[in-house]
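Model, not experiment: these values are computed from the prediction. One is the number of the first residue; the rest follow in order along the sequence. Any value given below was found using the heavy atoms of this structure, including those in side chains, with hydrogens, waters and symmetry copies removed.
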Amino acid sequence: MKRNFKWMFAANLLYAFLQWLMLIIMAKLGNEELVGYYTLALAATTPIMLFFSFQLRGIQATDARDDYQFRDYFSLRVIGVFLALLVCIAVSFLSDYSFEAKIIIFLIAISKMIEGISDVIYGLLQRHEVMNKVAVSMISRGAISLLLFVLFYWATRNFYLAILGFVLGWLLVMLFYDFPNAMKYIDKPYLTFNYNKLWRLFLLALPLGAIMMMGALSTNIPRYFIENYLSIEQLGIFGAISYILVGASRFTTAISQTVSPRLAKYYASGNKGAFVKLLALVLLVNGALGMVGLAAAVLFGEPILTLVYTESYAVYSDLFVWVMLISLFSFLGSALGVGATSMRIFTSQVPIHITKLVVTIICSVWLIKDYGLNGAAWTLAVAAFVSMVFYTTLIHKGLKNIRQVEVGI
C-alpha cells in the first residue's frame, strides 16, 4: 500500500500542477474574462458528468465480493458519458451564455467524457492495486495535454484551438495507454448488453451519481451566482484562486484512492480496529495538509498570488485565506466520505448532500450579492463544515453495524 500511495501521491501532485500551470498560462497570456469562461465551462459540465459517472470507480474499487465484472462497469460508464455529453450540449445551446462560452463548454464536455472512460479503467487497475499504471496515465495525460495546449496556442494564438489541443492530449493517452493496460486484466468482450445486470448496477450506483452531482452543484452554485450577480471577470478571479483548492485536493484524492480498497476489505471482514486506525490516519494526514495550506495563505497570501498569477490577483489575498479554510473542512469531509463509501453506505449519503446543497443555495442568495467573492467563499466554507459534521455521524452509524454489512445501509 505504501508503494501505491507513493505513486498516486506523485501522480496527483504532478497532474494537479500541470493542470494548474495551464490555468496560470491562461491568466498570464490571456485575461480574467478568458479564465472566467473556462471556469464557467467547468461549472456547467462537471455536475452533469459526475451524475452520469455514477461514481462507478469507487463502487468498482470497493467491490470486495466481485458482484460485478469490469465489462459491467465499463458498459454503464460508456452509456453514461455519452448521455452526459448530450445533456451538456443541450444545456449549453439552450442557455443565454455567449457564443465563446458555449464553444468552451462543448470542448470541456468532450474532455470530461474522455476522462470518464479513463476513470473506470483506473478503477480496474485500482482493484488490482497496480496504481503505478494509473499514475503514469495521469502524468502523461497532464503533460501531453499541456504540451499540446501550448503548441496549439503558439501556432494559432487562439485559446479555443489551444483548448482543443488539450482535449486531444487526453484522447491520445486514453487510446494508446489506458486501453492497452485494461486489456491485460480483462477477458473479451469489453462491453455487455446484459440488461438485467446493468439495471441492477445502475440502481446501486444511482444514489452515488446523485451524491456526486449534488456535491459538484454545491461547489459550483456560488460560481453561477458570481457570473449572474457580479461578472465573468470576477468569476475568472474566483476560479483561478479557488483552483488552488482543487490542486491541493489532489493530495487527499491520492490518499483516498489508495486506502479505499483496504478500508473496504477491513469493513467487509468485520475488522473494526484496523478500519478505525486506517481512517483515523487518513483524517490526520488530510487535516495536517489543510492546516499547512491555511497557514501559508495567512502568512504569504499576497506574494503567492502575485507570483502565481499577476499583481491584480494579490488584492484578493483575504479570499485566498477563506479558500484554504474551505480546504481544511473539505479534506476532512472527503476522508469521511471515503470511509462511508468503503462501508458500502450509499443511500444514506444522499440526505447529507441535499442538506449541503440547500445550505449552499441559501448562503449564495444571502451572501454573494452583498459580499462579493468573499461571500462566495463563506458559502462554501459553511457548506463544507455542515457536510463534515453529518459524515461524522454517518461513520459512527456504520461502525455500529460493522458486523452486519449490507449494501445501501
Side-chain angles (χ1 to χ4, degrees), residues 12-13 16 20 23 39 42-43 214-226 230 234-256 282-309 313-338 352-353 355-393:
N12 277 282
L13 174 62
W20 188 21
L23 190 64
T39 302
L42 291 174
M214 287 187 286
L217 283 173
S218 297
T219 300
N220 287 297
I221 278 175
R223 290 166 169 80
Y224 307 147
F225 278 88
I226 292 170
L230 305 177
Q234 287 282 285
L235 178 60
I237 291 169
F238 186 82
I241 294 176
S242 61
Y243 194 84
I244 297 173
L245 166 60
V246 176
S249 68
R250 287 286 176 176
F251 290 97
T252 58
T253 298
I255 297 169
S256 300
V282 176
L283 285 167
L284 178 63
V285 173
N286 284 15
L289 289 172
M291 289 301 298
V292 169
L294 180 59
V298 170
L299 298 174
F300 310 109
E302 288 190 18
I304 289 174
L305 292 177
T306 301
L307 176 66
V308 171
Y309 298 117
Y313 286 83
V315 298
Y316 295 94
S317 58
D318 53 342
L319 173 63
F320 185 25
V321 173
W322 288 113
V323 165
M324 296 317 296
L325 178 63
I326 297 166
S327 74
L328 175 60
F329 296 152
S330 296
F331 293 171
L332 294 173
S334 173
L336 294 169
V338 169
I352 296 177
H353 286 271
T355 303
K356 183 180 179 182
L357 184 59
V358 171
V359 168
T360 301
I361 294 171
I362 292 172
C363 290
S364 294
V365 172
W366 181 36
L367 295 173
I368 295 176
K369 190 172 184 179
D370 292 335
Y371 298 99
L373 298 185
N374 280 347
W378 299 340
T379 296
L380 292 175
V382 171
F385 181 78
V386 168
S387 177
M388 181 182 68
V389 171
F390 277 103
Y391 263 113
T392 301
T393 303

J.: So, N286 side chain and L332 main chain: donor-acceptor pair closer than 3.5 Å or not?
T.: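 No; judged by distance alone, with no hydrogens or angles, the pair does not exist.
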
J.: Quick one: which of F225, W378, W366 gives a ring-ring contact (aromatic ring centres under 6.0 Å, His included) with Y371?
T.: W378

J.: Do other residues, nucleotides or ligands put more than 12 heavy atoms under 6.0 Å from the OH atom of Y243?
T.: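 Correct, the count exceeds 12.
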
J.: Under a 3.5 Å distance rule, please check whether S327 uses its side chain to pair with a backbone N or O of M324 as donor and acceptor.
T.: yes

J.: In terms of ring plane angle, is the pair W20 and Y309 parallel, tilted or perpendicular, where the classes change at 30° and 60°?
T.: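 It falls in the perpendicular class, over 60°.
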
J.: Just wondering, are more than 12 heavy atoms of other shown residues or ligands nearer than 6.0 Å to CZ in F390?
T.: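 Atom CZ in F390 is not crowded, with 12 or fewer foreign heavy atoms closer than 6.0 Å.
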
J.: Nearest 0.5 Å please: distance from the OG atom of S242 over to the CD1 atom of I326.
T.: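 That separation rounds to 8.0 Å.
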
J.: Evaluate V338 against V282 for side chain to side chain contact (heavy atoms under 4.5 Å, CB included), listing each step before the verdict.
T.: CA-CA 10 Å; V338 169; V282 176; over 6 Å; no

J.: State the CG-CG distance between L373 and D318, to the nearest 0.5 angstrom.
T.: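 Going from CG on L373 over to CG on D318, the span is 9.0 Å.
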
J.: Pair V382, V359 - check side chain to side chain contact (heavy atoms under 4.5 Å, CB included), show working.
T.: CA-CA 8 Å; V382 171; V359 168; 3.7 Å; yes

J.: So how far is it from L380 CG to S218 OG, rounded to the nearest 0.5 Å?
T.: 8.5 Å

J.: Measure the OG1-CG distance between T360 and L217 for me, rounded to the nearest 0.5 Å.
T.: 9.0 Å

J.: What is the distance from atom OG of S334 to atom OH of Y391, rounded to the nearest 0.5 Å?
T.: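 It comes to 9.0 Å.
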
J.: At their closest point, which heavy atom of A381 faces which heavy atom of F329, and how far apart are they?
T.: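 Where A381 meets F329 most closely, the heavy atoms are O-CD1, 3.6 Å.
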
J.: Out of curiosity, F320 CZ to I304 CD1, how far, rounded to the nearest 0.5 Å?
T.: 4.5 Å

J.: Please report the closest heavy-atom contact between L283 and A335, naming both atoms and the distance.
T.: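 Taking every non-hydrogen atom into account, CD2-CB, 3.7 Å.
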
J.: Which heavy atom in A377 sits nearest to a heavy atom in L319, and how many Å separate them?
T.: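 Smallest heavy-atom distance, with atoms named: CB-CD1, 3.7 Å.
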
J.: Compare every heavy atom of A297 with every heavy atom of V321, then report the nearest pair and how far apart it is.
T.: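 That would be CG2-O, 3.7 Å.
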
J.: Any donor-acceptor pair under 3.5 Å linking the side chain of Y224 with the backbone of A43?
T.: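 Checking the backbone N and O of A43 against the side chain of Y224, a donor-acceptor pair under 3.5 Å is found.
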
J.: Verify whether one side chain among Y313 and E302 offers a donor that lies under 3.5 Å from an acceptor in the other.
T.: no

J.: Apply side chain to side chain contact (heavy atoms under 4.5 Å, CB included) to the pair M291 and F331, showing each step before the final yes or no.
T.: CA-CA 10 Å; M291 289 301 298; F331 293 171; over 6 Å; no

